[in-house]
Q: 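Supplied in C-alpha cells, the structure appears directly below.
All figures in this text were calculated on a predicted structure; none of them were measured in a lab. No hydrogens, no waters, no symmetry mates; every other heavy atom, side chains included, goes into these values. Counting starts at 1 for both ligands and their atoms, in listed order.
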Amino acid sequence: MGLALAAARTSAADPPPPPAASIPNAAALERLSARLAPVELTADVTSLPASERAALVPLVEASKLMDGLYLRQVWAGNPTLLLDLQADKTPLGRARLRAFIQNKGPWLRLDKDQPFLPGIGAKPAAANFYPAGATKAEVEAWLRGLPSASRADAEGFFTTIRRTPAGALGAVPYSVEYQGELELAADLLRAAARATAQPTLRAFLEARAAAFSSNNYYDSDVAWMKLDASVEPTIGPYEVYEDGWFSAKAAFEAYVTIRDDAETAKLGKIAGALQDIEDNLPIDPKLRNPKLGGMAPIRVVNVIFSAGDGNRAVQAAAFNLPNDERIAKQIGTKRTLLKNVQEAKFKHVLSPIARIALAPADRNQVSFDAFFTHILMHELMHGLGPHQSTARDGKTTTVRAALQDAYGPLEEAKADIAGLFALQRLIDKGLLAPSLERAVYTTFLASGFRSLRFGGGAHATGMALQMNTLLDAGGFTVARDGSFTVVAAKIKDAVRALTAEIMTVQATGDRAKAMEMVGARAKLRPEVAAVLAKVGKSKVPVDIEPRFPTADKLLAASARGR
Ligand code: ZN
C-alpha cells in the first residue's frame, strides 16, 4: 500500500508524525474500533405514503454526497488514502479501513486524534478550510486588514480561505469550492421536492437546493424551522467543530429522519403541563415565571441515514440548529432528538453499565421509556426556572453573565435534576404512569455513570455535582460490594432540595457558591471512580457505529424499479 501522499506535509505549523512503534497493529486497531458497537438504525417507513417513500430515495442519495464533501473538508489527503485502504485486503488493511470510516480520516477521534497509520502527521487543526502551508497568524492578520463586509464573508460559515496564484489570500464561497458535489446534491433535493406531497418539506428542499448554488442559506434555514412533515431532513453545512483555528467554518452533514408521532404526541402532553411545573418549582414564589414564553420547538425523530459530520466517532443523540444567530434571534432554534440513536445507546452502553453499577433490584427497574422521557424533560427544563440574576445590590443580568464559567455545568445539572422533579410531578398528577416512578430514578443513576465516562465538560461536571449531592443526602447509597442503590424514602426530598439550591444560586447570581458547587463539590468520589474503573475493564462500548438497513432497502428497491 502506498502511503507516500499521506506522508506529505499537511501544514508548515504541524508537528512531525509519531514514531512507527506507536502505530497499532491489526488486533490492537480492531480493539480500538470495537469501542463503537455496530448497530442497525431503522425506522418504519411502510406506513408512509408512496410519495414520501419516493422522496426518501433522492434524499438519501443527496446525503451520501455529504460524506465525500466532509472527507475533503477534514483533510485533502482523505480521498486518495481511502482508495489505498480499500485496495488492501490484509487483516491490517481491513482494520485500517474500518477505523478510517469510523473516524472519517486517519486519526482516532476518541484518543485525542492520535494517527493510526504510519507516516501520518498530526491532524491539521485548520482542517482543509484554510490554505495549505498558511499559519493561523497569517490568516488572522489578513482578516484584520479586510473591510468589514468582506471580512464578515471571510469569517463566515460558508467560505474557505485559499491562496490565489499571485500568492494573496482570498475567500471562496462553498458554492464555488464545492460546486460539483453541491450541484449534484441540489438536483437530488429538487427530485425529492417533486416527489413529496408535503408542502413544508417541498419548500425546505427547494430552498436548500437554491442555497447550494447561491451560498445564501438564510431562507432555507427559515424553511427548515417551519418544517412540519413526516420526513424531517437536515442537510448542508452546519457545525463548526472541525475548524480548530476559528470555529468558523461549517462542516457538511446530513440526517434523513422520520418523525416519531407517538413521542411527538407525548411531548405535546408534557409541554401543556409546563406552566404548572413552573408554578410549583421548589423555590421562592417570587422567582417563578408567571407566564412562560413560547418554547423552542422540539422534534422527536428516528434516523434512517446520516452522513459527514453527522456520522463520525461518537454519534450525536440530539442537535440544536441552526447556528445562524440572526435566525436564533428572530425565529429561535429547533431541538431535534434522535430517538433510535438514544435507543441504541441505551441498549449497548447504558444497560451494560447498569448491570455493573447498580444493585440487582435496581438494575431490573432501568427502562428506555424512563431514559428517553428524562432526556425530553431535560431539554424542556432548560426553558424553566430563573434566567435572570439579581444580585444583592439589585443589579440584574443574565444567569450566563453572572455565573460565567460555572454557568454551563450548573445549567446542565439544573436541567437534569429539575427534570427529575418535573417527572415526579407529572406522575403525581397522573399525566405519566405511576410505574415510571422507580424507573426514573434508577435509570437516572445508571445514566449518570454514562455521562461521567466522558470526563470533563458541562454535562459530566454537572452530573458529578448531582451524584455527590444525592449521595450526601442519602438519595443514593453504596453497598459493601460497591454497587449503587436508589433510596426511595429519601430521593424525592433530595431532588427537590438540589433543584431549589441550583435555581436559587442562578437567581441570585452567586458566582462564589456556583464555583464551589461545580468545583470542590463536583470532584469524583472514590466509590464512583471504582464503578467507572469496573465499567472500563468490562469493555462496555463507549458508543455506537450505525448501519442503515432501512435506507439500503429503499435504495435497492428503487434501483430494481429503474
Ligand atoms: Zn442540556
Q: Would you compute the distance between atom CZ of Phe368 and atom CD of Gln342 and round it to the nearest 0.5 angstrom?
A: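 Answer rounded to 0.5 Å: 6.5 Å.
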Q: Of all the N, O or S atoms in His378, which one sits nearest to the Zn ion (ligand 1)?
A: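 For His378, the N/O/S atom sitting closest to the Zn ion (ligand 1) is NE2.
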Q: Measure from NZ or CZ of Lys249 to the centre of the six-membered ring of Tyr174 and say whether it is under 6.0 Å with the direction within 45° of the ring axis.
A: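 Geometry flag: not set, cation outside 6.0 Å or 45°.
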Q: Can you tell me which N/O/S atom of Glu412 has the shortest distance to the Zn ion (ligand 1)?
A: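 Of the nitrogen, oxygen and sulfur atoms in Glu412, the Zn ion (ligand 1) lies nearest to OE1.
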Q: With under 30° as parallel and over 60° as perpendicular, where do the rings of Phe484 and Phe449 fit, or are they tilted in between?
A: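 The arrangement is perpendicular - the two ring planes meet at more than 60°.
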Q: Other residues, nucleotides and ligands only: do more than 12 of their heavy atoms fall within 6.0 Å of CZ on Arg547?
A: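 Correct, the count exceeds 12.
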Q: Looking at the Zn ion (ligand 1), is one of the N, O or S atoms of His382 less than 2.8 Å from it?
A: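 Here the distance criterion (N, O or S atom, under 2.8 Å) is met by His382, so yes.
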